[in-house]
There are 2 protein chains.
Amino acid sequence: MELRRLRSFAAVAEERHFGRAAARLQVTRSALSAQVQGVEREVGGPVFARTSRRVELTCAGELLLVEARRTLALADRALSVARQSVSGEVGAVRTGFLGVALLEDVLTADLRSFHRSHPRHGRPGPAPSFQDAPVERHAARPRTRHRRVGGGDRPGGP
Amino acid sequence: MELRRLRSFAAVAEERHFGRAAARLQVTRSALSAQVQGVEREVGGPVFARTSRRVELTCAGELLLVEARRTLALADRALSVARQSVSGEVGAVRTGFLGVALLEDVLTADLRSFHRSHPRHGRPGPAPSFQDAPVERHAARPRTRHRRVGGGDRPGGP
DNA sequence: AAAAGTTACGTTTTACGTAAAGATT
DNA sequence: AATCTTTACGTAAAACGTAACTTTT
């Protein structure tokens, strides 16, 4: 089962109307009809009860809708997390310090700002390895300002 | 992002080897390479660090792998639940009774058998509506044996 | 007649495999 | 030389849109 099909199914299920769902997905009704038929082939039975002038969910369709929504949400999340990672919005922040006087006015202010703008930074998942992202070391180069974190728009958007 | 791409990515991430992943997915290496490149285009950056003779995950790849596995598992579950529903393995069991003597030796045995073979029957999700599945009423037709539940192979397999 | 979903069919897009190339051990 | 990934390119499958068809109001 591909996400395209789950998206097609969910749109029809939520609109309870092929025409509106097709408009929402920006495809024609015939394309949408084919996708839904693909879903029903995979499922092995109907997910919609096409009564005249009305599209209702079958029992299998009700169950599928719940799971389809979860799956689609999780897929969006997967892409979002990965995108944030490449744009530097998700990851560990490693730093060191040499002189307290040097840092307390700059570093703490930026960390505060970071936590304000990224309240859910500490999320489940493995610890980032940072094999690619070089870490600036304040101890080794005390005069180097630590890199600004977050705030960048992520590229590659639709 | 389509599931095909997440499957390709996850296979390479788990095998840490394009050749083995391609064999697992039963496609050629070139097709797999193209899918992974598609993932990286969508993500906006590399998910693998192709060092010579070794494929390692980048930070974004590590995060994506966690979410990809969840998404793929959920998609499988969605299809499975819907398939079980059309084959009658998931749903509510409605019944009635007329004479205890008639039922206690047959109905209870079948219910016991059903619960043995479907221990996780009571799962989250909306209550099945059964607008399509007709319910046999023992009270109305006492002599009708209640329908056997479960045990059927589901059609539509790959 | 109007609206909704499906089918038929030609076109475009996507995915795939074979073969060759580039890179690394 | 041998292994592994990528690129080039022709082919097959999938998705799409236009238009015609069926059914229902």
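Chain naming here is simple, since letters A, B, ... match the order of the sequence lines and numbering starts at 1 in each.
- Counting heavy atoms from C-beta outward, V66(B) and E62(B) have side chains that stay 4.5 Å or more apart.
- Taking the side chain as every heavy atom from C-beta outward, R77(B) and R70(A) approach each other to under 4.5 Å.
- Look at CZ on R54(A): it is 13 Å from C1' on dT24(D), rounded to the nearest Å.
- Against DNA chain C, the stretch residues 5-15 of chain A makes no heavy-atom approach under 4.0 Å.
- Straight-line distance from the CG atom of L3(B) to the P atom of dT14(C): 17 Å, rounded to whole Å.
- Here the side chain of E67(A) pairs no donor or acceptor atom with the backbone of L74(B) at under 3.5 angstrom.
- Of all the heavy atoms in S85(B) and C59(A), the pair that sits closest is OG-SG, 3.5 Å.
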Atom pairs, protein N/O to nucleotides 22-25 of chain C N/O, distance under 3.5 Å:
unit_1: dT24(C); atom_1: O3'; unit_2: S52(B); atom_2: OG; d: 2.8
unit_1: dT25(C); atom_1: OP1; unit_2: S52(B); atom_2: OG; d: 2.7

Using a 4.0 Å cut-off on protein heavy atoms (strictly under), produce a 5'-to-3' string for nucleotides 16-21 of chain C with B for base contact, S for backbone-only sugar-phosphate contact, and - for none.
SBB---
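- Rounded to 10°, the helix from dA1(C)-dT25(D) to dT25(C)-dA1(D) has 20° between the axis fitted to its first five pairs and the one fitted to its last five.
- Considering only heavy atoms from C-beta on, H17(A) stays 4.5 Å or farther from V55(A) through its side chain.
- If you measure from atom CZ of R50(B) to atom P of dT7(D), you get 9 Å, rounded to the nearest angstrom.
- Contacts with DNA chain C (heavy atom under 4.0 Å) in residues 18-25 of chain A: F18(A), G19(A), listed by number.
- The residues E15(A) and R54(A) are annotated as not salt-bridged, no charged nitrogen and carboxylate oxygen being separated by less than 4.0 angstrom.
- Side-chain atoms of E40(A) and Q35(A), non-hydrogen and from C-beta on, never get closer than 4.5 Å to each other.
- Contact check for L64(A) versus V43(A): side-chain heavy atoms found under the 4.5 Å cut-off.
- Between R69(B) and E14(B) a salt bridge is recorded (basic side-chain N to carboxylate O distance below 4.0 Å).
- Straight-line distance from the CD atom of Q37(A) to the C1' atom of dG5(C): 10 Å, rounded to whole Å.
- Salt-bridge check for E2(A) with R7(A): failed, with every basic side-chain N at 4.0 Å or more from each acidic carboxylate O.
- S87(B) places a side-chain N or O within 3.5 Å of a backbone atom of R83(B) that can act as its donor or acceptor partner.
- Of the possible donor and acceptor atoms, none in the side chain of R29(B) sits under 3.5 Å from a partner among the backbone N and O of G19(B).
- Annotation: side chain to side chain donor-acceptor pair (under 3.5 Å) contacts of R16(A) (sequence neighbours excluded): none.
- Using a 4.5 Å heavy-atom cutoff, the side chains of R5(A) and Q37(A) are not in contact.
- Among all heavy-atom pairs drawn from A10(B) and L72(B), the shortest one is CB-CD1, 4.1 Å.
- With rounding to whole Å, H17(B) atom NE2 is found 17 Å from dA2(D) atom P.
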